[in-house]
Every structure is written in C-alpha cells, then in structure tokens.
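Notes for the one structure printed next.
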Amino acid sequence: MTKRQGQPLPYNLVRRIGGAEDGVTDRPIVRVDNYASTDEPAERMKEACRQRITESGYPSPVVF
C-alpha cells in the first residue's frame, strides 16, 4: 500500500486483506499502515493501534 498523495500527516490507512466471515461472525485479517513525517510519531501511532486492537477483546492474535 502506498501513501496517499495530498493526505495530511499523520494518518492510518486500514485495509482488510483476508479472513473469514460466515454471516454471524467475522474474523478479518487487516493491514494497518501508519504515515507520519518521521519514524518516531509513526511508531507511536503503531503502538496505539496495536493496543487498541489488542484491548478490543478480539480473541485472535495481533501481529505487527
């Protein structure tokens, strides 16, 4: 996935890249790309996203 031209920084880009859905349950596999002006704020955004997903109660493992 590439950075969107003209999009103000910082931002997250979230995209479903797989997983299973049966009409009752949904077990998505998502890709989260973090964009910022430097690595430091991008790393903070990555950690905040990881924590938010992990704390959501979703039972599947989260890999970053």
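None of these values were measured; they are calculated from a predicted model. The chain is numbered in sequence order, starting from 1.
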| Between D39 and R44, is there a salt bridge with N-O shorter than 4.0 Å? | no
| task | Look up atom CG in L9 and atom OH in Y11, then write down how far apart they are to the nearest 0.5 Å. | result | 6.5 Å
| Is there a donor-acceptor pair closer than 3.5 Å between any side-chain N or O of S56 and the backbone N or O of I53? | yes
| Is I29 reachable from V14 through a run of I, L, V, M, F, W or Y residues, each pair having side-chain heavy atoms under 4.5 Å apart? | no
| said: For a 4.5 angstrom cut-off between non-hydrogen side-chain atoms, does M45 reach N12? | reply: yes
| message | Going by side chain to side chain donor-acceptor pair (under 3.5 Å), name the residues that satisfy it together with R52, two or more places apart in sequence or in a different chain. | response | none
| field | With T38 via side chain to side chain donor-acceptor pair (under 3.5 Å) - residues at least two apart | value | none
| remark: Of all heavy-atom pairs linking A36 and A42, the shortest is CB-N, 3.7 Å
| task | State, yes or no, whether a side-chain contact exists between P10 and N34 at a heavy-atom distance under 4.5 Å. | result | no
| field | Audit row: R16, E21, side-chain contact (heavy atoms from CB on, under 4.5 Å) steps and yes/no | value | CA-CA 12 Å; R16 184 183 186 125; E21 190 270 324; 4.3 Å; yes
| message | How close do C49 and V32 get, counting heavy atoms only, and between which atoms? | response | SG-CG1, 4.1 Å
